[in-house]
Amino acid sequence: MPELPEVETIARGLQQKVSGDVIESVWLGSKPQTMKSRPAEIAAALEHARITQVRRMGKHIVFDLERNGVPAAAKTRRRIKAPGPRAQWIVHLGMTGRMLVCEPSAELAKHTHAIVTLASGRELRFVDPRRFGRLSVASQGDFEAGGSEPLEVEKDRFVALFRGRKTPIKSALLNQKLLRGVGNIYADESLFRAGLRPRRRVSTITRARLEKLYESVQEVLKEAIALGGSSISNYVDADGEEGVFQLQHRVYGRAGEACLVCKTPIKRVVIVGRSSHYCPKCQK
DNA sequence: ACTATTTCCTGGATGC
DNA sequence: TGCATCCAGGAAATAG
C-alpha cells in the first residue's frame, strides 16, 4: 500500500526514467471509476505534451506537463475543455496501483487501465488490480491546495492543525485534509514513537506531546524514504526493487508479538475501519 | 463545521 | 482438494 515514502520512491524513479520524454499517444481502459477526470480530458491533456518533471505530492504522483506549441484548437471545438499550456497529470496508486515503464513488447499485465506511449519508444503503464487508484488531470497550481506536506510543514503549523479536535489521533493523522501522505503503516509507527495510543483523543494531548509527534512523523517518514519504503502487498518501486522499511516496523503488523522496548504483546484494534497496532504499556 | 460510517474492488489467506 | 468466506485499506460519498 503506497504511502508517502513509497510514492516518493516511485516518483523519484519515474523522474529518472521519463522526465523530458514526450507523450505520443494515450490509451485508457474502460473502467470509469479509475478516472477522476473525463477520459477525453485526460487524453487531450497528455497527448503531445512533454513531461518536464515527475514529483510527489502527498500520496499522489504528479507529472508536470508542457505543451510545445501544439495547438489544441481542434479539441476545443469539440467542447473538450482545452488543457492549459501547463497541465499536470495526477496519479493516485490507491492500494495496488503500479506505474510501469517498459518496452511496448512487454507482456500486458492483467488490470492494465492506461498505456501512455513515449517518444523514446517506451511505454508508461498504469496497472491496478483492486482499482482504488485514480487518474486525473489538473491545471498547474490547482493541486497545491489541500493538506500540509508532513516533511515541509513547520512545527507550530502542525500543532495548530490538530489542536482541539475530538477525533482519535490516528484518525486525524490519516485525514489527508490536515496532513497529506501519512497512511496506516506510518501513522501506527509514528504514534508508537511518540508514545500515543491510536484511540487517544487529540484534544487530550498536550502541546509538548504533539510536538513530539511532529518529530516522530518526520523521523519515520525520512527513515522509510531512505530505505525505499515498506514492501508489503507486493509493493515495488519503478525498477521493481523492494523497499526494506518493513524490517523496521515496531508495531505495524506485529499484533501479539512482543514490544521491542518492553516485551508487552502488541495489541491490534480497529479504528476508522483500519487495523491499528500499539503497545499498551509504551503508548498512553 | 465536524465526525462517523459505508462503499468501492480483487487476490491471497484462511476455514471447513 | 476445492469452494466459500474473510480481510486488506484510501478516500469519496453519505449520514448524523
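Just so it is clear, the model here is predicted, and its values are computed rather than measured. Chain letters run A, B, ... following the sequence lines, proteins first and then strands; every chain starts at 1.
Within residues 128-138 of chain A, the residues approached by DNA chain B to less than 4.0 Å at the level of any non-hydrogen atom are A:Pro129, A:Arg130, A:Arg131, A:Phe132, in residue-number order.
Applying the salt bridge (charged side-chain N to carboxylate O under 4.0 Å, His left out) test to A:Lys166 and every residue at least two apart in sequence or in another chain returns nothing.
For residues 254-267 of chain A, the pairs satisfying side-chain hydrogen bond (donor to acceptor under 3.5 Å, both in side chains) are A:Arg254-A:Glu257, with sequence neighbours left out. Sorted by first and then second residue, the side-chain hydrogen bond (donor to acceptor under 3.5 Å, both in side chains) pairs involving residues 270-283 of chain A (not counting sequence neighbours) are A:Lys170-A:Ser276, A:Asp188-A:His277.
Remark: A:Ile271 CD1 to A:Arg197 CZ distance equals 11.0 Å, nearest 0.5 Å.
Look at A:Glu215 and A:Lys155 and you find a salt bridge, because one of the NZ, NE, NH1 or NH2 atoms lies within 4.0 Å of a carboxylate O, short of that distance.
More than 12 heavy atoms of other residues, nucleotides or ligands sit less than 6.0 Å from atom CD of A:Glu223.
Between the CG atom of A:Leu93 and the P atom of B:dT10 there is a distance of 18 Å, rounded to whole Å. Taking atom NZ on A:Lys36 and atom P on C:dA11, their separation rounds to 9 Å, with Å as the unit.
When distances are taken from the side chain of A:His92 to each of C:dA12, C:dA11, C:dA8, the shortest belongs to C:dA11.
Residue contacts for A:Lys110: at a heavy-atom cut-off of 4.0 Å it reaches the sugar-phosphate backbone alone, with no base atom in range.
Rounded to 10°, the angle separating the first-five-pair axis and the last-five-pair axis of the helix from B:dC2-C:dG16 to B:dC16-C:dG2 equals 50°.
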Polar atoms only, N or O, under 3.5 Å: list the protein pairs with nucleotides 2-4 of chain B and their distances.
unit_1: B:dT3; atom_1: OP1; unit_2: A:Lys166; atom_2: N; d: 3.1
unit_1: B:dT3; atom_1: OP2; unit_2: A:Arg165; atom_2: NH1; d: 2.8
unit_1: B:dA4; atom_1: OP1; unit_2: A:Arg201; atom_2: NH1; d: 3.2
unit_1: B:dA4; atom_1: OP2; unit_2: A:Thr167; atom_2: OG1; d: 3.0

